[in-house]
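Report on the structure given below.
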Amino acid sequence: MAKHDILLIGDGTNLLKTIGWVLDYKGFAVKVTACPEAALEALVKKNYDLVIAKLTNGDRENLDILARAKRLNPEVKTMVVSDKRDGILPLEAYQIEVDDYLLMPLSPPELWRRVSRCLEDREVVDLQPVQESAASAGRGDMTNPELMLIFHDIRGSMVSTAASLKLMARGTVGELSHRAKAKISEVTGRIEHTINLMEDFIGESLADRSPGAGEEACLDLSADIVEPVLAELDGEIKDHHITLVNRLHDHGGGKLVVKGSKLWLQSVFRNLINNGVKHGGRNCTIVVDCRMEGSTSRLTVYNTGKTVPEAGRSMLFSPIRSMRPPQNRRQGLGFGLSLSRDIMQNYGGDLWYEAQRHGSTFVVSLPPC
């Protein structure tokens, strides 16, 4: 019989090491980590049946890891360990709905009983790190191991960067001005949002769902897709002194309801806005609008940058251009528009380019719900 896999998230002290030894002695497959970065790395590489985190003084980093573990694998069980005498469970623990709370000191038999009870409704399966199969070698397969490795490496670097920025904001490298602290806080927020976004994609990948293959929902185009992305990119838009015009609220008739996945449709719209910021340039104007053609919604993203030359338009959505070494790496790898169109076509929609006299428009055809 395969063992239950348990991940322990500590703070470098001996408490979690001791718990790990006790559980290992009882036959559980245990991995002990001493920092958030190591725990996140372990969660990306493998599905665990149970994640146990020690509550640390002054911050809630380990609780954040539990929340992320649930996002990556909604079936995972979670427990928290505290050596505090008051036995009060923090509000954040209720928000992520931990399955049990261990107050130290705790005898080994009681620990075994509590862990076994927490796992009793879990089917014991042998969960290994993601492996490539012959059927998963295609470009569009989100469980491709090379892609997962890229996600992991980038994500680990971003976690470390965010941690360093937080230390700077606390004055560890000297006193900072109010303006500098505000900018560090803004950048840290962007990094953490990107980390969360990457974890959402990793979670979709580990759940073995490719874009368009998962459950579809009826979504409010403005509230569920457009507004969250515009709020997320607000700092980037302001930094480039871009005028943003959102005309979706100008349309009467109530909500614009479309069919699809919030995660993937936001990804497509985010790519188009980022494309407008990058190619429209500083001081440009980006206009977001929607028009109806029959029962189909057509979301348009216009920017006042240079119009794409006619000779190059046929390559806009081609993955072939991503194979050519870019002369300027800041222009990106070229996958964005190709993948975005693939996603829309998987949902029964489409994505195309329309040249304007002074600028460019990308049109997303969204199927009705």
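What's counted below: heavy atoms across the whole structure, side chains too, no hydrogens, waters or symmetry copies.
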Looking only at side-chain N and O atoms, does [Y] offer a donor or acceptor that is under 3.5 Å from a partner on [X]?
{"X": "Asn246", "Y": "Glu227", "value": "yes"}
{"X": "Asn303", "Y": "Ser360", "value": "no"}
{"X": "His240", "Y": "Arg282", "value": "no"}

From [atom1] ([X]) to [atom2] ([Y]), nearest 0.5 Å:
{"X": "Thr18", "Y": "Leu111", "atom1": "OG1", "atom2": "CG", "value": "10.5 Å"}
{"X": "Asp224", "Y": "Lys255", "atom1": "CG", "atom2": "NZ", "value": "8.0 Å"}
{"X": "Arg341", "Y": "Leu316", "atom1": "CZ", "atom2": "CG", "value": "9.5 Å"}
{"X": "Ser340", "Y": "Phe362", "atom1": "OG", "atom2": "CZ", "value": "9.5 Å"}
{"X": "Phe269", "Y": "Leu351", "atom1": "CZ", "atom2": "CG", "value": "12.5 Å"}
{"X": "Ile191", "Y": "Glu186", "atom1": "CD1", "atom2": "CD", "value": "11.0 Å"}

query = For Arg113, what residues pass the side chain to side chain contact (heavy atoms under 4.5 Å, CB included) criterion, not counting sequence neighbours?
reply = Glu110, Arg117
request  = Name all residues meeting the side chain to side chain contact (heavy atoms under 4.5 Å, CB included) criterion together with Glu232; count only those two or more places apart in sequence or in a different chain, and write none if there are none.
outcome  = His193, Arg270
For [Y], does its backbone N or O pair with a side-chain atom of [X] as donor and acceptor, under 3.5 Å?
{"X": "Asn275", "Y": "Asn271", "value": "no"}
{"X": "Thr188", "Y": "Ile184", "value": "yes"}
{"X": "Ser365", "Y": "Gly349", "value": "no"}
{"X": "Thr304", "Y": "Thr285", "value": "yes"}
{"X": "Asp49", "Y": "Asp5", "value": "yes"}
{"X": "Thr33", "Y": "Leu8", "value": "yes"}
{"X": "Asn346", "Y": "Asp342", "value": "yes"}

Heavy-atom distance under 4.5 Å between the side chains of [X] and [Y], does that happen here?
{"X": "Tyr48", "Y": "Ile6", "result": "no"}
{"X": "Ile286", "Y": "Ile273", "result": "yes"}
{"X": "Leu219", "Y": "Lys259", "result": "no"}
{"X": "Arg313", "Y": "Tyr353", "result": "yes"}
{"X": "Leu221", "Y": "Val257", "result": "no"}
{"X": "Cys290", "Y": "Thr300", "result": "no"}
{"X": "Asp220", "Y": "Ile225", "result": "no"}
{"X": "Gln266", "Y": "Pro228", "result": "yes"}

Please find the pair of heavy atoms, one from [X] and one from [Y], that lie closest to each other, and give the distance.
{"X": "Ile65", "Y": "Ala39", "value": "CG2-CB, 4.0 Å"}
{"X": "Met79", "Y": "Leu66", "value": "O-CD1, 3.9 Å"}
{"X": "Ser297", "Y": "Met292", "value": "OG-SD, 3.2 Å"}
{"X": "Asp239", "Y": "Lys183", "value": "OD1-NZ, 3.7 Å"}
{"X": "Gly276", "Y": "Cys284", "value": "O-SG, 4.1 Å"}
{"X": "Val76", "Y": "Ala69", "value": "CG1-O, 3.8 Å"}

So if you build clusters from Ile, Leu, Val, Met, Phe, Trp, Tyr with side-chain heavy-atom gaps below 4.5 Å, do [X] and [Y] land together?
{"X": "Trp352", "Y": "Val308", "answer": "no"}
{"X": "Leu165", "Y": "Leu176", "answer": "yes"}
{"X": "Val363", "Y": "Phe317", "answer": "no"}

ask   = side chain to side chain contact (heavy atoms under 4.5 Å, CB included) between Leu366 and Thr296: does it pass, once the steps are laid out?
value = CA-CA 6 Å; Leu366 297 155; Thr296 302; 5.6 Å; no
inquiry  = Does Val268 form a side chain to side chain contact (heavy atoms under 4.5 Å, CB included) with Trp264? I'd like the steps, not just the answer.
reply    = CA-CA 6 Å; Val268 170; Trp264 295 113; 5.8 Å; no
inquiry  = Does Met344 form a side chain to side chain contact (heavy atoms under 4.5 Å, CB included) with Asp350? I'd like the steps, not just the answer.
reply    = CA-CA 5 Å; Met344 293 314 307; Asp350 206 351; 5.5 Å; no
request  = Please say which of Leu299, Leu265, Val301, Leu256 ends up in a side-chain contact (heavy atoms from CB on, under 4.5 Å) with Val226.
outcome  = Leu299
inquiry  = Applying the side-chain contact (heavy atoms from CB on, under 4.5 Å) criterion to Leu50, which one of Thr78, Leu7, Leu119 satisfies it?
reply    = Leu119
query = Members other than Tyr302 in its cluster, when Ile, Leu, Val, Met, Phe, Trp, Tyr link by side-chain heavy atoms under 4.5 Å?
reply = Val245, Val287
task = Give the intermediate values and the outcome of side chain to side chain contact (heavy atoms under 4.5 Å, CB included) for residues Leu23 and Trp112.
result = CA-CA 7 Å; Leu23 294 175; Trp112 295 332; 4.1 Å; yes
Ion pair Glu236/Lys238, N-O distance below 4.0 Å = no
message = Does this structure show an ion pair linking Arg298 with Asp289, if we count only N-O contacts that are shorter than 4.0 Å?
response = no
request  = State whether the number of non-hydrogen atoms from other residues, nucleotides or ligands found under 6.0 Å of Arg247 atom CZ is greater than 12.
outcome  = no
